[in-house]
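Excluded from the calculations below are hydrogen atoms, water molecules and symmetry mates; all remaining heavy atoms, backbone and side chain alike, are included.
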Amino acid sequence: MGVEPENTLRSFVRAEHEGLDVIELDLHLSKDGALVVMHDATVDRTTDGRGAINDFTLAELRELDAGQGERIPVFEEVLEAVKSPLQAEIKDVAAARALAGVMNSRGLAERVDVLSFHDEAIAEISRLVPGVRTMLVASRYGIDVVDRALAVDAVALVLNIRRLTLEIVERAHAAGLRVFGWVVNTQDDLRLARALQLDGATTDNPEIKRTGRFTA
C-alpha cells in the first residue's frame, strides 16, 4: 500500500479503514515454514535486513524493521487484525500447501481468494482446499492466458493493465472469468480500466477507491 509501510499490519488496517473492498497480500515461507507476509523473495527492499526470506527463521524475521517500527507479519496475524475479505498471493507449491493447512483448519475458503503467477500453485491449492476461489496472475501474457486460467479452474484473471486488450477481456468474460487489472493508481489508469470493462482493479492508492471498486 503506497501510503503505509508495505505488507504490514498497519497497511492492512489502513486499507480496511479506507473502505477498500478486498485486501491483497503476498505470502512466502520462512526457513522454519511460517507463512510470512511480504511481496519480495528477499527482505532487502522493505526492511533494514538483507537476504532471502527462506534463509531466515520467523524469530529472525521478527527482529527486522519493516518500516516505521513495523515488523513483518505472518498470515494468521492479518486474519485477526482485519475482517475484510482477503486475496492471498502464493509464490510456489510449498506455500500453497502451507496456506491450504491454515485455510482448511480455519474454514477460510469463503473469506480468502488465492492468487498466483504459477499455474501449478493454483492447481495445488485447488486440490487441497475444497471450494477455494483462485485467480491466475500474469505480467507478460497473450490471449492464451484465458486457456491457462481455465485449465487450472481459476475463476478470474489478474493482469498487468499495461498489456491488457479488449480482446482478452472479452474472451475471458465469454469463458466465465472475471478480469482484474493491476496496478491502477492514476486517473488515466482508471479510465483505461473502465474502457476495458474490467471487473475490478488493484491499487496502491486508497484515494482512488472513491471512483471505482478496488483491492489494495
Side-chain angles (χ1 to χ4, degrees), residues 1-41 43 46-47 53-54 56-118 121-122 124-135 137 154-156 158 180 182 200 202-204 206 209 213-216:
M1 189 171 178
V3 296
E4 297 287 357
E6 182 180 310
N7 269 312
T8 61
L9 291 181
R10 179 170 165 174
S11 71
F12 301 133
V13 171
R14 173 70 178 271
E16 185 167 70
H17 177 74
E18 295 285 350
L20 276 297
D21 301 294
V22 184
I23 295 173
E24 193 266 349
L25 52 83
D26 306 277
L27 297 175
H28 292 268
L29 290 180
S30 66
K31 186 176 182 179
D32 47 351
L35 276 170
V36 176
V37 181
M38 182 173 283
H39 181 275
D40 300 352
V43 301
T46 57
T47 79
I53 293 172
N54 59 16
F56 291 84
T57 65
L58 178 59
E60 291 168 337
L61 289 168
R62 295 293 205 188
E63 297 300 317
L64 302 179
D65 185 345
Q68 301 181 39
E70 291 289 303
R71 67 179 185 177
I72 299 170
V74 294
F75 179 58
E76 290 88 340
E77 289 177 322
V78 181
L79 291 172
E80 299 302 326
V82 298
K83 303 305 179 186
S84 299
L86 301 176
Q87 291 180 349
E89 183 181 328
I90 48 176
K91 306 298 183 177
D92 53 36
V93 171
R97 292 169 182 157
L99 178 59
V102 176
M103 290 186 68
N104 284 330
S105 67
R106 300 183 65 149
L108 296 174
E110 287 301 313
R111 182 184 175 193
V112 179
D113 295 344
V114 181
L115 295 70
S116 186
F117 280 88
H118 306 289
I122 288 180
E124 183 71 353
I125 194 113
S126 295
R127 183 179 71 83
L128 295 172
V129 182
V132 67
R133 295 180 300 269
T134 59
M135 304 181 180
V137 189
V155 300
V158 183
F180 298 86
W182 59 270
T202 299
T203 185
D204 299 316
K209 170 29 169 100
R213 187 172 188 275
F214 293 95
T215 65

Item to check | side-chain hydrogen bond (donor to acceptor under 3.5 Å, both in side chains) involving N104 - partner list, sequence neighbours excluded | outcome: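 So N104 forms no side-chain hydrogen bond (donor to acceptor under 3.5 Å, both in side chains) with any residue.
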Next on the checklist: Test of understanding: with side-chain hydrogen bond (donor to acceptor under 3.5 Å, both in side chains), list the residues that count as partners of T46, not counting sequence neighbours.
Outcome noted: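 Partners of T46 under the side-chain hydrogen bond (donor to acceptor under 3.5 Å, both in side chains) test: none.
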Rounded distance (nearest 0.5 Å) linking atom [atom1] of [X] with atom [atom2] of [Y]:
| X | Y | atom1 | atom2 | value |
| --- | --- | --- | --- | --- |
| S116 | D92 | OG | CG | 8.0 Å |
| I53 | I72 | CD1 | CD1 | 6.5 Å |
| S105 | E76 | OG | CD | 8.0 Å |
| E24 | H39 | CD | NE2 | 7.5 Å |
| L20 | R14 | CG | CZ | 10.0 Å |

Tell me, do [X] and [Y] make a side-chain contact under 4.5 Å, heavy atoms counted?
| X | Y | result |
| --- | --- | --- |
| F56 | V36 | no |
| L79 | L86 | yes |
| Q87 | I23 | no |
| V13 | V82 | yes |
| L115 | I90 | no |
| L29 | N54 | no |
| V102 | L108 | yes |
| V112 | M103 | yes |

Checklist entry - Are E80 and R106 close enough, and set up right, to give a salt bridge (charged side-chain N to carboxylate O under 4.0 Å, His left out), and what steps lead you there? => result CA-CA 12 Å; E80 299 302 326; R106 300 183 65 149; 2.3 Å; yes
Checklist entry - Would T47 and M38 count as a side-chain contact (heavy atoms from CB on, under 4.5 Å) if you check the C-alpha gap in whole Å, the side-chain angles of each, and the deciding distance to 0.1 Å? => result CA-CA 10 Å; T47 79; M38 182 173 283; 3.6 Å; yes
Next on the checklist: Evaluate V74 against V37 for side-chain contact (heavy atoms from CB on, under 4.5 Å), listing each step before the verdict.
Outcome noted: CA-CA 5 Å; V74 294; V37 181; 5.7 Å; no
Next on the checklist: Between F12 and N7, is the side-chain contact (heavy atoms from CB on, under 4.5 Å) condition met? List the steps.
Outcome noted: CA-CA 7 Å; F12 301 133; N7 269 312; 3.4 Å; yes
Looking at every heavy atom in both [X] and [Y], which two are closest together, and how far apart are they?
| X | Y | value |
| --- | --- | --- |
| I125 | A96 | CD1-O, 3.4 Å |
| P130 | A109 | O-CB, 3.9 Å |
| S30 | T57 | CB-C, 4.3 Å |
| A88 | L27 | CB-CD1, 3.9 Å |

Next on the checklist: Is there a salt bridge (charged side-chain N to carboxylate O under 4.0 Å, His left out) between R133 and E110? Walk through the geometry before answering.
Outcome noted: CA-CA 8 Å; R133 295 180 300 269; E110 287 301 313; 3.6 Å; yes
Checklist entry - Checking W182 side chain against V158 main chain: does a donor-acceptor pair fall under 3.5 Å? => result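 Side chain of W182 to backbone of V158: a pair is present.
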Checklist entry - Is there a donor-acceptor pair closer than 3.5 Å between any side-chain N or O of R111 and the backbone N or O of S84? => result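 The answer is yes, because a donor-acceptor pair under 3.5 Å joins these two groups.
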Item to check | Partners passing side-chain contact (heavy atoms from CB on, under 4.5 Å) against A41 (at least two apart in sequence or in another chain) | outcome: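 Result, side-chain contact (heavy atoms from CB on, under 4.5 Å) vs A41: H28.
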Next on the checklist: My understanding is that only residues two or more places apart in sequence, or in another chain, count here; which of them pass side-chain contact (heavy atoms from CB on, under 4.5 Å) with Q68?
Outcome noted: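 For Q68, the residues satisfying side-chain contact (heavy atoms from CB on, under 4.5 Å) (neighbours in sequence not counted) are P5, R10.
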Checklist entry - Do E89 and F117 pass the side-chain contact (heavy atoms from CB on, under 4.5 Å) test, and can you show the C-alpha distance, the side-chain angles, and the key distance before you say yes or no? => result CA-CA 8 Å; E89 183 181 328; F117 280 88; 3.4 Å; yes
Item to check | Positive for side-chain contact (heavy atoms from CB on, under 4.5 Å) with V78, one of L9, L35, T8 | outcome: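 Only one of L9, L35, T8 forms a side-chain contact (heavy atoms from CB on, under 4.5 Å) with V78, namely L9.
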If you look only at pairs with a residue in [range], which of them pass as a salt bridge (charged side-chain N to carboxylate O under 4.0 Å, His left out), with sequence neighbours excluded?
| range | answer |
| --- | --- |
| residues 60-69 | R62-E77 |
| residues 96-105 | R97-E124 |
| residues 26-37 | D26-K91 |

